[in-house]
Amino acid sequence: MTNLKNDIFLRALLKQPVEYTPIWMMRQAGRYLQEYNETRARAGDFLTLCKTPSLATEVTLQPLERFPLDAAILFSDILTIPDAMGLGLYFAQGEGPMFERPLRDEQAINNLNIPDPNTDLRYVMDAVAEIRKALNNRVPLIGFSGSPFTLACYMVEGRGGTDFREIKTMLYDRPDLLHRILDKNAQAVTTYLNAQIDSGAQAIMIFDTWGGALSHSAYREFSLRYIHQIIDGLIKQKDNLRIPNIVFTKGGGLWLESIAEISCDAVGLDWTIDIGEARRRVGEKVALQGNLDPSILFASPAVISKEVDKILSSYGNGSGHVFNLGHGISQFTPPENAAALVEAVHTLSRQYH
């Protein structure tokens, strides 16, 4: 038993009985909330917000003050690891994350160091500890990282929002170099996530945002293989409690069975797959998380409720479902519609449990 006031999220991930379907939202602490924008303005820039534990704690808790969510997620960024590797992360106005020194040559790749999370990424561990204290056992805290391949996309391309030309050229022309990057990333992510668990994270999520850009065989070789390596190396239990993990490959519906085989506890789904079909395909192996199209939150509360009911009825009776969006919440979402979503899930899901 946990000492959490609300542990329904953890129980659902472990397929234990629950009274209703739990919900949290990817990117739930973000620009759609006025209070977040005010804190971000006070920080001065996004990286300062991430690297100041008191501010990261403040924004992590903001959505929980508005909505009765069933989990909190650490406020941070997936690019903390490559930043700590010395690639020179910065955020260009209107262009998103960029790196001053992208990985384009063999020597730079060979010189990559695996960061020590307790020194090079101390600010993240301090934030995890501070958030856990501030939560006061209200709901569980999710720690996270990007997947090795997703991190490598930014590290090689030097920015987000690309056509993957640089990394796919390396993948096909010099796969040995990409494997070197991915192996170092997998080691770095494993130690980073375990340090988050040691600092207080009660569940772990791996965001494989760009895995869906790969071909069928390349996904297994260059993405899933390294996620599997991380899952094998994660701390599974702390203080006699299970630490469940979630793997989310955006665009990964083709590979559900393969993802479920790597011994993760849950698979995240984007909105392109029917959750009932996904449940039939994975059987009892894993829990499922998802999978409302975030754009539905621009519709009326009545429409939101109808779409929530479709997902709940498709999943069907029993535990093993954590409701979420199929990707991060849009910065343009009206907060009252996010509130309507949480209420709909909590109300409509009880009949299935």
Side-chain angles (χ1 to χ4, degrees), residues 5-6 8-9 12 20-46 48-50 52 54-78 91 94 96 127 130-131 134-136 138-142 144 203 205 207 209 248 250 268-271 289-312 321-350:
K5 299 178 182 79
N6 174 358
I8 197 163
F9 165 73
Y20 61 86
T21 302
I23 177 172
W24 67 280
M25 294 178 287
M26 288 187 276
R27 215 182 289 141
Q28 64 189 19
R31 288 177 287 177
Y32 73 108
L33 296 178
Q34 180 59 34
E35 54 269 39
Y36 169 87
N37 292 319
E38 289 167 3
T39 306
R40 180 167 168 161
R42 208 165 74 241
D45 61 77
F46 179 74
T48 301
L49 184 58
C50 287
T52 308
S54 60
L55 296 179
T57 299
E58 189 178 311
V59 294
T60 297
L61 268 60
Q62 285 169 349
L64 299 175
E65 299 306 317
R66 278 208 187 230
F67 319 117
L69 295 157
D70 296 297
I73 183 165
L74 163 70
F75 183 81
S76 187
D77 192 85
I78 64 168
F91 284 79
E130 194 169 326
I131 293 163
L135 281 170
N136 194 26
R138 184 169 162 188
V139 293
L141 175 62
I142 305 165
F144 73 92
M205 182 152 171
F207 286 90
T209 311
F248 173 58
K250 187 170 183 285
L269 306 173
D270 65 20
W271 61 87
Q289 179 176 278
N291 64 333
L292 188 78
D293 182 347
S295 297
I296 289 166
L297 295 183
F298 298 123
S300 68
V303 171
I304 292 167
S305 185
K306 187 176 84 172
E307 295 296 328
V308 164
D309 194 47
K310 280 185 193 173
I311 290 171
L312 292 170
H321 179 202
V322 171
F323 205 100
N324 208 315
L325 305 174
H327 198 49
I329 190 168
S330 165
Q331 63 175 302
F332 305 109
T333 301
E336 59 271 23
N337 287 7
L341 168 65
V342 176
E343 184 180 354
V345 173
H346 282 168
T347 303
L348 297 173
S349 65
R350 290 180 183 273

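Just so you know, these numbers come straight off a predicted model, no measurement behind them. Note that the numbering runs from 1 along the sequence shown for the chain.
Nearest heavy atoms, Pro140 versus Asn6: CD-O, 3.3 Å. Annotation for Trp24 and Ala71: closest pair CB-O, 3.9 Å, computed over non-hydrogen atoms.
Rounded to the nearest 0.5 Å, atoms OG1 (Thr39) and CD (Glu58) are 4.0 Å apart. Atoms CD and CD, on Glu35 and Glu65 in that order, are 9.0 Å from each other to the nearest 0.5 Å. Atoms CG and CD1, from Leu64 and Ile73 in turn, are 11.5 Å apart once rounded to the nearest 0.5 Å.
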Next on the checklist: Working note: Phe9 + Val139, criterion side chain to side chain contact (heavy atoms under 4.5 Å, CB included); need CA distance, chi angles, decisive distance, verdict.
Outcome noted: CA-CA 8 Å; Phe9 165 73; Val139 293; over 6 Å; no
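The closest donor-acceptor contact from the side chain of Asp270 to the backbone of Gly326 lies at 3.5 Å or more, if one exists at all. Side-chain atoms of Gln331 do not come within 3.5 Å of backbone N or O of Arg31 as any donor-acceptor pair. The backbone N or O of Met26 lies less than 3.5 Å from a partner atom in the side chain of Asn324, making a donor-acceptor pair.
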May I have the list of side-chain donor-acceptor pairs in residues 296-306 shorter than 3.5 Å, sequence neighbours left out?
residue : atom : partner : partner atom : Å
Ser300  : OG   : Val303  : N            : 3.3

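Within the 4.5 Å cutoff, the side chain of Ile329 has no heavy atoms near those of the Gln28 side chain. A 4.5 Å side-chain heavy-atom check between Phe323 and Leu312 finds at least one atom pair inside the cut-off.
Every side-chain contact (heavy atoms from CB on, under 4.5 Å) that Ala29 has, sequence neighbours left out, goes to Pro63, Phe75. With sequence neighbours left out, the side-chain contact (heavy atoms from CB on, under 4.5 Å) criterion links Thr209 to Thr150, Phe207, His327.
In this structure, Glu343 places its CD atom where only 12 or fewer heavy-atom neighbours from other residues, nucleotides or ligands lie under 6.0 Å away.
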